[in-house]
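Taking it in order: structure first as structure tokens, then the write-up.
Being a predicted model, the structure only gives us computed values, none of them experimental.
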Amino acid sequence: MENRDNEIFTYSYSAKQQEEIKNIRKKYLPPEEDKMELLRRLDASVTTPGTIASLAAGIIGTLILGVGMCCCMVWGGFWFIPGIVIGLIGIMILAFAYPLYTKLTEKQRKKLAPEILRLTEELMK
């Protein structure tokens with residue numbers, strides 16, 4: 001008869017440790033983009049160009065309007081009439097920001113629609 005007293009079987013399992021190992025491993029693997037994530041990214045990218053352009057137009061328009069107000073209120077005198085004109089230019093740029101957003105978003109939506117529709121068809125099956 002053999003002596004089995006020296007043979008020991010140990011098994012340790014920790015769900016928390018396994019999850020941590022998976023998370024660390026995921027950092028070093030090449031990223032796999034699933035179709036749902038791609039669909040989310042494409043959907044978010046529809047509004048990005050319009051948002052950036054309209055924000056830029058809004059900020060520039062606000063700054064020009066502020067310069068016009070400074071001309072009227074602070075410097076006064078000769079700068080009163082040019083200040084009104086400068087302020088009106090700033091207001092026109094501000095008014096142009098939302099139509100710029102809608103136009104660019106519509107253009108981007110038309111551009112990405114075939115890909116988004118193809119992905120939604122694949123995901124709905």
Side-chain angles (χ1 to χ4, degrees):
M1 187 173 238
E2 294 179 32
N3 187 0
R4 294 189 174 208
D5 293 336
N6 292 336
E7 294 180 21
I8 299 174
F9 176 76
T10 57
Y11 179 75
S12 63
Y13 175 79
S14 169
K16 188 176 180 183
Q17 185 180 19
Q18 292 293 325
E19 187 65 33
E20 184 179 356
I21 290 169
K22 286 180 186 177
N23 287 337
I24 291 171
R25 179 179 166 83
K26 192 185 295 184
K27 289 180 193 177
Y28 295 98
L29 289 174
E32 289 183 23
E33 191 171 75
D34 63 340
K35 291 182 182 183
M36 190 63 195
E37 186 62 34
L38 178 61
L39 182 64
R40 285 186 188 117
R41 194 169 45 85
L42 282 173
D43 186 45
S45 71
V46 168
T47 58
T48 303
T51 302
I52 292 171
S54 65
L55 277 173
I59 291 169
I60 291 169
T62 302
L63 290 173
I64 292 173
L65 176 62
V67 169
M69 288 175 59
C70 284
C71 289
C72 291
M73 299 174 79
V74 176
W75 301 320
F78 168 76
W79 288 103
F80 189 77
I81 300 298
I84 291 174
V85 173
I86 293 170
L88 288 174
I89 292 171
I91 290 172
M92 289 185 335
I93 293 172
L94 280 170
F96 181 67
Y98 184 69
L100 178 66
Y101 168 79
T102 56
K103 186 69 174 174
L104 288 176
T105 301
E106 181 183 314
K107 182 180 177 183
Q108 191 73 0
R109 194 168 278 144
K110 285 180 182 177
K111 177 182 170 186
L112 294 176
E115 181 67 19
I116 290 175
L117 291 175
R118 185 188 64 78
L119 279 172
T120 54
E121 287 296 323
E122 287 180 19
L123 291 170
M124 289 173 52
K125 290 181 182 179

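- Contacts of Glu20 classified as salt bridge (Lys or Arg N to Asp or Glu O under 4.0 Å), with partners at least two apart in sequence or in another chain: none.
- Atom CD of Glu37 and atom CG of Leu42 lie 10.5 Å apart (nearest 0.5 Å).
- Among residues two or more places apart in sequence or in another chain, the salt bridge (Lys or Arg N to Asp or Glu O under 4.0 Å) test is passed with Lys110 by Glu106.
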Side-chain polar contacts of residues 85-105 - donor-acceptor pairs under 3.5 angstrom, sequence neighbours left out - could you list them?
unit_1: Thr102; atom_1: OG1; unit_2: Tyr98; atom_2: O; d: 3.4
unit_1: Thr102; atom_1: OG1; unit_2: Pro99; atom_2: O; d: 2.9
unit_1: Thr105; atom_1: OG1; unit_2: Tyr101; atom_2: O; d: 2.8

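- Of all the heavy atoms in Leu123 and Met36, the pair that sits closest is CD1-SD, 3.8 Å.
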Identify all side-chain donor-acceptor contacts of residues 112-119 below 3.5 Å with residues at least two apart in sequence or on another chain.
unit_1: Glu115; atom_1: OE2; unit_2: Arg118; atom_2: NH2; d: 2.6
unit_1: Arg118; atom_1: NH1; unit_2: Glu122; atom_2: OE2; d: 2.4

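- For the side chain to side chain donor-acceptor pair (under 3.5 Å) test, residues two or more places apart in sequence or in another chain that qualify with Arg41 are Glu33.
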Sequence neighbours excluded and cut-off under 3.5 Å, please list the side-chain donor-acceptor pairs for residues 49-75, or say none.
unit_1: Thr51; atom_1: OG1; unit_2: Thr47; atom_2: O; d: 2.8
unit_1: Ser54; atom_1: OG; unit_2: Gly50; atom_2: O; d: 3.0
unit_1: Ser54; atom_1: OG; unit_2: Thr51; atom_2: O; d: 3.1
unit_1: Thr62; atom_1: OG1; unit_2: Gly58; atom_2: O; d: 2.7

